Structures are given as structure tokens and as C-alpha cells.
Amino acid sequence: METENVVARLKSSGLFRTKGLIGGKWIDAYDGKTIEVYNPANGEVIASVPFMGEKETKDAISSAYDAFRDWSKLTAFDRSSRLHKWYNLLIEHKEELAQLITLEQGKPLNEAIGEVVYGASFIEFYAEEAKRVNGDILPSPMPDRRLFVLKQPVGVVGAITPWNFPLAMITRKVGPALACGCTVVIKPSELTPFSALAAAELAIQSGIPPGVLNVVMGDAPKIGNSLLESRQVRKITFTGSTAVGKKLMAGAAETVKKVSLELGGNAPFIIFDDADLEVAVKASLASKFLYTGQACICTNRLLVQEGIYDKFMNAFSNAVKSLKVGDGFSEGVAQGPLINEAAIHKVESLVQDAISKGAKVVVGGKRHSLGLTFYEPTIISDVKNEMLIARQEIFGPVAPVIRFKTEEEAIQIANDTDAGLAAYLFTNNIQRSWRVSEALEYGIVGVNEGLHAYEVAPFGGFKQSGLGREGSKYGLDDFLEIKCICMGNMG
Ligand code: ADP
């Protein structure tokens, strides 16, 4: 589908926004600079967005700070009802939002629709949770005193999001922030800003007041530094690479901000001899190749026990060969392009490194004949956990397979990484499923289940995969301060 046609349709729906949002106004960069955004499926320019920096970010922070006074004082019921309206609008515009996601990110349209539904679910969930930010009354050690615990919003939040889920990573952060009474300055990825801007447009339509939600984009380090340096910004919530997450954590120290980080993973997918082969193949296909492997919970290493190895490799290879690669708007496409040249270059170099150290290509192994950033769905065998491909996050459609003998060995290999986001295990032995689940140093574990992320479930990692949890009732904690009030002279 031509980029121009999709854009024309989106423009007519009023959701195709190409400016930043500060204090309820759509704004260009103050110096007029812009940056082009590309459709990764055909390399065409979709449109330009403002290339903003320090000044615009400072103004966005001021708007959010001013808006905080009134927004935080609304009743939870009032905030809840506006979030419900926002949710309804997101669902009403599901098709257009999904088209925007496919256009700028490249994922197949059905996956993009899934992202809109998933993303919107956080707004609905936190619209309800807004009414459950409960305090406590504590037993007082003194007869004439009373102790109360009050939960209050932290204040202005800086939310920095990546390109792989350009809508859902915004709603997963902004939903709980707004529910608690915080206001936000969002910096979406410059590679995929349109979904964020469309979501912001719908937030305005749902009655979320000017300044409560601001969007700036452009010079990422300058915007990031402005958020970090500001004493008015009380929290940074970030999803992205571990390298940038570490910088943000260090930068937040100066003003002692709260920090939530959702960073890279290195997910092991362990298949034991006693697994249901069909279940394991279906799940490994989804866990590795959905989103073209570009999700932080996607499988990064397949660990297969020796007794099931041959049967699994045979069935898995046949399944992978049947995956259709192409433009996300085309019928039946299971795998879109990678986001950009840097991403495909990383995949190529990891595969080359593994081959040079003894790994073998079973399926695929090179760029797809479609060109651009399309890469063949790939399986490589004889991988060792010391190889770069098993130590770094691939973020692409390559399944490295490691053969193992014992349960202890599998656990040791799985945990031998600095990451700790998602892990999966496949077994029909109930004792083993508990034993291994408990031994895995990961925040998210799937047992006979290959990918799971729900608004009701906590999402986040152990070790260098991050800090804090998003989604679920636990996802509110990071946006709240706890105040203890002692009332005297009560006897
Ligand atoms: P990825 O490799 O997935 O693109 P990044 O961590 O580079 O992950 O990007 C995630 C988000 O962080 C994007 O919005 C990006 O623009 C932003 N970002 C990149 N560098 C910085 C920085 N120095 N400060 C603040 N944000 C940054």
C-alpha cells in the first residue's frame, strides 16, 4: 500500500498530527527544524515532525507543572471518567491507530490492531485503579495520637518511549501516571512519533486538560537532559536500551528523582524432553518471530534438551519456513521489516559472529530478497552461550538454538546473563515447572506459554533489565509518594 494513500486516509480522520503538544497547543520547533519519519517497509518519507530541544522541553515541563495543581486535585472519579473516555476513543479509532503503527513501525496490521487493544487496556485498567489508590490507618503507639498513611501523586513525570510499541509503551506509562494525578511530558521515539501524537489528540478530545499531557520530540539527549535537570520533574519512566537507561539513572541522581526502567532482555526459551512438542513449536514461533523479534520479551535463546532436539528442530524449521515476510499492509504477512539499517546490521553481525565461531545456519541466515531492512526468518544451531548472539539482545528474527543435557545445566545457562526480563519453559512435569520457575532470575516467566503481557499483570525485569513494574496494581506504586500524617491531641 502506498504511504501517500494511507496518510491521506489518516489525515481525513483528524488523527494524523505532525507537531509537538505543549500546554494543549500543537507546536513546531522554535527554530523551525524538522526531522523526517520513514516507512520502514518501503523507505518512503511519511512526513516530518519538529526537531525540538531544550527550550521546548522546558516549556512542556512548565505546562505540566502548572497543570499538576488542578489535575492532582480532581477527584479520582473525575480523572477516572476522563480516562474511560480516552479508552473509548482509542478503541473507536482502533483501525486508524493500527494503520499508523504499521505505517511508521512496520508490523503486520493484525499485530498493530493487537497493540492498540493492548495499549488501550492500560487506560481502561488504570481508569478503574484510580479509584483504588487507598491509604491506611495505622495503630498508634500513643493513646492521644492517630497515624494515617496518604498516597499522593509524585508530580511531573518524564516518559521516554521506544519505537517497537509506539502506542502501548505510551499508554502503559501515561495511564497509571494520570490515574494517580501526575502530569506528563512524553518523548516518543523520533522513528515512530505519529502513534503518540494521535493518542495525544484523542486524550484532548476525551477532556484531559491542556498541559496534563505534553509531547516533545527531536534531539533525544537534549530533551532527556532537560527532563533530568529539572527540579520540577519528579520521576522518569523509560523503556528502551540498557545503555540509555543507565545514563538516565545516573542523570536522575542529581535531583533524586524516582526512576522506572524497562530495559533490554535476553529471554531463554527452555524446552525439556517431557514437553508437548506441538505446544512448544507453536509458542516458540510466536515468542521469536512476532513483531519480527523486536520486543524485549521475545525469545533470544532457545535451549533444547537432547532427547527432544531432533524432533523439535524438524517441526520448528518447517514452521519457520512457512512464515510470510512483507509489507505489514499485505494480506497474510507474518513478519514485517526491521526498523532501520542499524537494526539489520546488528542482526547480520551477530549471525556472522556466531557462524565464525562454529554455529550453523538451519533456515534463512541473510537479508530477504525484498531488500531494504527485510531479513529472512532464521534458525541457527550449535550455538554456545558464550557467543555474542547469546549474550546480546538480537531484536530480530533469528532463533539461536543451544542444546543441553540436564535441568541444572539449562538453569545455569538461562541465568548466565545480566538481563532478567522474560523466560519461558516447556515441560509437562509439574514439579519441574515450579522448581525451574523459582530458579529463573527473571521478572516474567511463562510455563508452557511463549509470550504474555497483560494490563492486569506486572511487567518488568530482574538484574539489568530494569527497575519497577508496569501494568497491574503494582504499576501505580512508582507514581505515588507515601505520606505519613500523625495527628496529635486526639485523646
Ligand atoms: P532503541 O535502541 O530501542 O532505539 P534507545 O534506548 O536508543 O532504544 O531509545 C529509546 C528511547 O530513548 C527513544 O525515545 C530515544 O529517542 C530515547 N533516547 C535515546 N538516547 C537518549 C538520551 N541520551 N536521553 C534521553 N532519551 C534518549
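No experiment lies behind these values; they were computed from the predicted model shown. Each ligand, and each atom within it, is numbered from 1 in the order the structure gives.
- Among protein heavy atoms, the minimum distance from atom 13 (C) of ligand 1 is reached at T161 O, 3.4 Å.
- Residue A199 comes nearest to L167 through the heavy atom pair CB-CD1, 3.6 Å, listed as atom of the first residue, atom of the second, then distance.
- A220 CB, 3.7 Å is the protein heavy atom nearest to atom 18 (N) of ligand 1.
- When hydrogens are left out, the protein atom nearest atom 6 (O) of ligand 1 is S241 OG, 2.6 Å; that is the closest non-hydrogen contact.
- In this structure, K288 forms no cation-pi arrangement with F269, as its terminal cationic atom is not both closer than 6.0 Å to the ring centre and no more than 45° off the ring axis.
- Polar contact check, K247 against ligand 1: no nitrogen or oxygen pair lies under 3.5 Å apart.
- Side-chain N/O atoms of K173 and T239 include a donor and acceptor closer than 3.5 Å.
- For atom 4 (O) of ligand 1, the closest non-hydrogen atom on the protein side is W163 NE1, 3.0 Å.
- Of the protein's non-hydrogen atoms, V244 CG1, 3.6 Å is the one closest to atom 21 (C) of ligand 1.
- Considering backbone and side-chain N/O atoms, T239 never comes within less than 3.5 Å of an N/O atom of ligand 1.
- Closest to atom 22 (C) of ligand 1, if we only count protein heavy atoms, is P221 CA, 3.8 Å.
- Put simply, atom 9 (O) of ligand 1 has no protein non-hydrogen atoms near it, under 4.0 Å away.
- What sits closest to atom 12 (O) of ligand 1 on the protein, heavy atoms only, is F238 CE1, 3.3 Å.
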